Student: 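A single structure is presented below for examination.
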Amino acid sequence: MATANDRAVLQTIFNPSTPFGDIPGLDEEEEEDAQEEEDGFAPELLEQVRDLELQGVSAAESGDVSAALERFGEAIRLLPERASAYNNRAQALRLRGDVAGALRDLDTAIRLSRGCGRAACQSFVQRGLIHRLQAREEEARRDFERAARLGSGFARRQLVLLNPYSALCNQMLCEMLGRLRNPGGAGSE
């Protein structure tokens with residue numbers, strides 16, 4: 001059986017655009033984190049809030065951002081200390097073009113989650129993307145680093161894209177592997 005290091009090396013060879021050690025399926029702790037985030041809330045109220053959030057997500061996916069914002073707002077009114085609804089509302093606010101409102105909700109979600117768990121991870125990713133779109137690369141990098149530490153493969157890939165040295169090394173590795181696979185082909189010297 002392969003060790004974790006062996007799997008990391010193979011992952012890097014076959015998917016050179018991912019950072020070393022980024023192994024799909026390695027983050028099984030995510031389910032446990034989600035359960036820990038939900039502890040402390042009344043089960044009936046939590047179920048109602050989750051249902052409102054699902055309705056909000058469905059509304060946003062169908063293009064009804066106003067209805068989505070209403071559902072997320074209801075969820076926040078019912079459980080204002082739960083981070084997930086703020087994270088979801090931030091996405092809807094961003095879709096509506098209210099970037100400042102989205103950033104406020106993401107900051108709230110991160111604060112409520114104490115920077116841990118799924119809601120924090122998603123909030124760091126969203127905030128990092130907003131920072132990146134605003135050309136605030138250093139702030140984006142910090143948020144992606146936090147999200148990557150919480151298990152986000154997407155954040156890890158964003159960090160690679162933000163690192164010009166890593167991108168250059170990955171390109172060189174791809175070229176070298178291409179030459180090894182096809183020694184007599186084009187591009188060999």
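None of these values were measured; they are calculated from a predicted model.
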Student: Sequence neighbours excluded, which residues qualify as side chain to side chain donor-acceptor pair (under 3.5 Å) partners of Glu74?
Tutor: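 With sequence neighbours excluded, Glu74 shows a side chain to side chain donor-acceptor pair (under 3.5 Å) to Arg71, given in chain and number order.
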Student: Can you tell me if Glu139 has over 12 outside heavy atoms packed within less than 6.0 Å of its CD?
Tutor: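 Correct, the count exceeds 12.
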Student: How close do Ala109 and Ala83 get, counting heavy atoms only, and between which atoms?
Tutor: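 Heavy-atom minimum between the residues: O-CB, 3.4 Å.
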Student: Work out which heavy atom in Leu69 is nearest to a heavy atom in Ala92; give both atom names and the distance.
Tutor: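 Shortest heavy-atom separation between Leu69 and Ala92 comes out as CD2-CB, 3.6 Å.
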Student: For Gln134, which residues count as a side chain to side chain donor-acceptor pair (under 3.5 Å) partner, sequence neighbours excluded?
Tutor: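 Gln134 satisfies side chain to side chain donor-acceptor pair (under 3.5 Å) with Arg136 only.
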Student: Within the side chain of Gln126, is there an N or O that forms a donor-acceptor pair under 3.5 Å with the backbone of Asn87?
Tutor: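 Looks like yes, one N/O pair under 3.5 Å.
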Student: Quick check: closest heavy atoms across Ser152 and Cys121, and the distance to 0.1 Å?
Tutor: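 Between these two residues, the closest heavy atoms are CB-SG, 3.5 Å.
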Student: If Ile, Leu, Val, Met, Phe, Trp and Tyr residues are connected whenever their side-chain heavy atoms lie under 4.5 Å apart, and connections chain through other members, are Leu103 and Val125 in the same group?
Tutor: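 In one cluster with Leu103: Val125, no.
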Student: What salt bridge (Lys or Arg N to Asp or Glu O under 4.0 Å) pairs are there with at least one residue in residues 101-116, not counting sequence neighbours?
Tutor: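 Those involving residues 101-116 are Arg89-Asp105, Asp107-Arg127.
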Student: May I ask whether Leu79 and Leu52 are part of the same hydrophobic cluster, defined by side-chain heavy atoms of I, L, V, M, F, W, Y residues being less than 4.5 angstrom apart, directly or through others?
Tutor: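 As far as the 4.5 Å side-chain criterion goes, Leu52 and Leu79 are connected within one cluster.
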Student: For Arg142, enumerate each residue passing the side chain to side chain donor-acceptor pair (under 3.5 Å) test, keeping only those at least two apart in sequence or located in another chain.
Tutor: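 Arg142: no side chain to side chain donor-acceptor pair (under 3.5 Å) contacts found.
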Student: What's the spacing between Arg118 CZ and Ser84 OG if we round to 0.5 Å?
Tutor: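 So the CZ of Arg118 and the OG of Ser84 are separated by 9.0 Å.
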Student: Quick one: closest heavy-atom pair of Ala102 and Ile130, and the distance?
Tutor: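 Taking every non-hydrogen atom into account, CB-CD1, 4.2 Å.
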Student: Quick one: do Leu45 and Phe41 end up in the same hydrophobic cluster if we chain Ile, Leu, Val, Met, Phe, Trp and Tyr together by side-chain heavy atoms under 4.5 Å apart?
Tutor: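 Same cluster: Leu45 reaches Phe41 through Ile, Leu, Val, Met, Phe, Trp or Tyr contacts under 4.5 Å.
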Student: Measuring from atom CD of Glu53 to atom CD of Gln55, what distance do you get when rounded to the nearest 0.5 angstrom?
Tutor: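 Taking CD in Glu53 and CD in Gln55, the distance rounds to 10.5 Å.
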Student: Does Leu106 reach the side chain of Phe124, with side-chain heavy atoms less than 4.5 Å apart?
Tutor: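 Leu106 does not reach Phe124 side chain to side chain.
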Student: State which residues pass salt bridge (charged side-chain N to carboxylate O under 4.0 Å, His left out) with Glu61; sequence neighbours excluded, sorted by chain then number.
Tutor: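 With neighbours one apart ignored, the set is empty.
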Student: Quick one: pull up CZ in Arg132 and CZ in Phe144 and give me the separation to the nearest 0.5 Å.
Tutor: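 If we round to the nearest 0.5 Å, Arg132:CZ and Phe144:CZ are 6.5 Å apart.
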Student: So, does Ser123 use its side chain to make a donor-acceptor pair with the main chain of Ala119 at under 3.5 Å?
Tutor: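 Indeed, once roles are kept as given, a pair shorter than 3.5 Å links the two residues.
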Student: Quick check on the hydrophobic clustering: are Phe154 and Leu159 connected, directly or via other members, by side-chain heavy-atom contacts under 4.5 Å?
Tutor: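 Yes, one cluster joins them.
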Student: With the 4.5 Å side-chain cut-off for hydrophobic clustering, are Val57 and Leu95 part of the same group?
Tutor: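 In one cluster: no.
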Student: Does a salt bridge link Glu138 with Arg141, judged by any charged N lying under 4.0 Å from a carboxylate O?
Tutor: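 Yes, charged N to carboxylate O under 4.0 Å.
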Student: Other than Ile76, which residues form its hydrophobic cluster under the rule that side-chain heavy atoms must be closer than 4.5 Å?
Tutor: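 Tyr86, Leu112, all in the cluster of Ile76.
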